[in-house]
Amino acid sequence: MRHSTKKLDLTGQRFGRLTVLEPAENIGGRTAWLCRCDCGQETAVKTCRLRSGRAVSCGCARRGIENLTYIDGTCVELLRTKTIRRNNTSGVPGVDWRPSKGTWRASICFKGKRYYLGSYHKFEDAVKARQRAKEELHEGFLRTWEAGAKDGNTIF
C-alpha cells in the first residue's frame, strides 16, 4: 500500500458555516486552518474537527447567536453586553491575576487584536487602565458606528 505524498489543501472549501481561507499555525501539534464564519468572525480550526463535522461555525451556531454585526473583527453586539466570561476570576473583564509575577494584568481586545495595558500591583489600578481603554476604544467605536448607522453609513 502506497501513501500519498500530496499535501491536503482545504482552501476555499466550506464546512457548515465555515469557509477555509488558508493554513494556520498548528494547534496542539495538529494541522489547522484559518476559517471565516458566515457571521464574519475568523477562527483557526484543526483539520480533524473540520473533516469530522464537529466544527461548523466559529461558535456562533453553538451559542445560538446569529446575525451579529462584525466590523474589522469586532462584534458590535458583544461590545454592548455587560457579560463577564465564565473563566474570569477577577469579576472585571480584561483584568486577571498573574500569580507568577504577583501582579494584576489589564488587557482589552479590539478589532481582532489583544492589547496589553500593563501590569499593576494594585487591583484598582488595573481596573482603571482597563476602563480607560474601554472608554477610548470600545465606546468611541460604538459612538462612531451608531452615528454612521443612523446616517445609513456603517463603513469605517
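In what follows, residues are counted from 1 in the order of the sequence shown.
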Candidate pair C48 and R54, rule side-chain contact (heavy atoms from CB on, under 4.5 Å), full reasoning: CA-CA 8 Å; C48 60; R54 288 183 287 156; 4.0 Å; yes

Closest heavy-atom pair and its distance - [X], [Y]:
{"X": "P23", "Y": "T11", "value": "CD-OG1, 4.4 Å"}
{"X": "A106", "Y": "A126", "value": "CB-O, 3.5 Å"}
{"X": "L21", "Y": "E42", "value": "CD1-OE2, 3.7 Å"}

Pair L8-T31, side-chain contact (heavy atoms from CB on, under 4.5 Å): steps then yes or no: CA-CA 10 Å; L8 179 67; T31 305; over 6 Å; no

Hey, could you give me the [atom1]/[atom2] distance between [X] and [Y], rounded to the nearest 0.5 Å?
{"X": "Q13", "Y": "C35", "atom1": "CD", "atom2": "SG", "result": "10.5 Å"}
{"X": "L34", "Y": "L10", "atom1": "CG", "atom2": "CG", "result": "12.5 Å"}
{"X": "R36", "Y": "R14", "atom1": "CZ", "atom2": "CZ", "result": "11.5 Å"}

Worked check of ring pair (Phe, Tyr, Trp, His ring centres under 6.0 Å) between Y120 and W104: CA-CA 5 Å; Y120 303 87; W104 292 95; over 10 Å; no

Side chain to side chain contact (heavy atoms under 4.5 Å, CB included) partners of E136, counting only residues at least two apart: none

For T43, all residues meeting side chain to side chain contact (heavy atoms under 4.5 Å, CB included), sequence neighbours excluded: L18, V45, C58

Verify same cluster id: I27, V20 (apolar side-chain graph, 4.5 Å):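 I27 does not cluster with V20.
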
same_hphob_cluster(I108, L142) at 4.5 Å side-chain heavy-atom cutoff: yes

Distance-only donor-acceptor pairs under 3.5 Å for side chains of residues 90-98, two or more places apart:
| residue | atom | partner | partner atom | Å |
| --- | --- | --- | --- | --- |
| S90 | OG | N88 | OD1 | 3.4 |
| S90 | OG | V92 | N | 3.1 |
| S90 | OG | V92 | O | 3.1 |
| S90 | OG | V95 | O | 2.7 |
| D96 | OD1 | R105 | NE | 3.3 |
| D96 | OD2 | R105 | NH2 | 2.9 |

Residues T19, W33; criterion side-chain contact (heavy atoms from CB on, under 4.5 Å); working and verdict: CA-CA 10 Å; T19 301; W33 298 88; over 6 Å; no

Atom CD of E135: over 12 foreign heavy atoms under 6.0 Å: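 More than 12 within 6.0 Å, yes.
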
Over 12 foreign heavy atoms within 6.0 Å of CZ, R51: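 Open.
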
Main-chain N/O of C109 paired with H138 side-chain donor or acceptor, under 3.5 Å: yes

Donor-acceptor contact below 3.5 Å, side chain R130 vs main chain S107: yes

